[in-house]
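Before any comments, here is the structure.
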Amino acid sequence: MRGPGRWHNSTKWFVLLLLSICGCSGGSEDVRPWKPEDHDNSKAARTVQTSGITKPGDELATLITITWDQNCTSCHGRGGRGDGPQGRMVRAPDLGRPDWQARVTDESIANVIRKGRNKMPSYSSLPDKVVDGLVVRVRSFKR
Ligand code: HEC
């Protein structure tokens, strides 16, 4: 009599303990508030992680594009033809001209970007990799 009674009792406590640990007891009010929030949080965390695993090359390419768009297009235009808003005023050259492209060296292009020339401002603080990327971009304008 005593034995089975004790056993029954401890089973009951054990079940209650399990329920409280796993949080799946009948009290659904406890479960409801955090479930959607937790779902949203894990979604947000996944988004952050995804942007964190972009290839380093992608980030550099983005940086070069931003640098070109923000610092160079006002004179040179998006396609390097010298047709940016200020292009005519400063007489920005058309960077796609095949004759110029044929005779200029990469070193010379990088040098002008770093040191400037006449109305062309200097961009001495740009990292080497960005300058190299801008040279590649300038080369891409070749017709
Ligand atoms: C304020 C207008 C202006 C801005 C901004 C500007 N440039 Fe220029 N750029 C010029 C002018 C003007 C020249 C012609 C310079 C000369 O030879 O007299 C030039 C020339 C050049 C040349 C040709 C150099 C050569 O060998 O003939 C390259 C390449 C160039 N710019 C790249 C860039 C890049 C890359 C940026 C942005 C980081 C930039 N420019 C920003 C006005 C500008």
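Values in this document were obtained by computation on a predicted structure and should not be read as measured data. Note that the numbering runs from 1 along the sequence shown for the chain.
Between atom CD1 of residue I113 and atom CH2 of residue W68 there is a gap of 8.0 Å, rounded to the nearest 0.5 Å. With values rounded to the nearest 0.5 angstrom, D132 atom CG is found 11.0 Å from L126 atom CG. In this structure, Q86 CD and R91 CZ are separated by 15.0 Å, a value rounded to the nearest 0.5 Å. Rounding to the nearest 0.5 angstrom, the gap separating the CZ atom in R114 from the CD atom in E107 is 10.0 Å. A distance of 11.0 Å separates OG in S122 from CG in N111, rounded to the nearest 0.5 Å. Residue M120 holds its CE atom at 6.5 Å from SG of C72, rounded to the nearest 0.5 Å.
Judged as a side-chain contact (heavy atoms from CB on, under 4.5 Å), and not counting sequence neighbours, the contacts of P127 are V130.
For the pair H76 and V90, the minimum side-chain heavy-atom distance is 4.5 Å or more.
Within a 6.0 Å radius of CZ in R81, other residues, nucleotides and ligands contribute 12 heavy atoms or fewer.
The minimum heavy-atom distance between C75 and A92, with the atom names listed, is O-CB, 3.5 Å. For the residue pair P85 and T73, the shortest heavy atom distance occurs at CD-O, 3.9 Å.
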List the atom pairs, with distances to 0.1 Å, where a side-chain N or O of residues 134-143 and a protein N or O form a donor-acceptor pair under 3.5 Å, not counting sequence neighbours.
unit_1	atom_1	unit_2	atom_2	d
R137	NH2	T65	OG1	3.0
R139	NE	D106	OD1	2.8
R139	NH1	Q101	O	2.9
R139	NH1	Q101	OE1	3.0
R139	NH2	V104	O	2.8
R139	NH2	D106	OD1	2.9
S140	OG	R137	O	2.5
R143	NH1	D94	OD1	3.4
R143	NH1	D94	OD2	3.3
R143	NH2	D94	OD2	2.8

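Y123 and L95 fall within a single hydrophobic cluster, where Ile, Leu, Val, Met, Phe, Trp and Tyr are joined by side-chain heavy atoms under 4.5 Å apart, directly or via other members.
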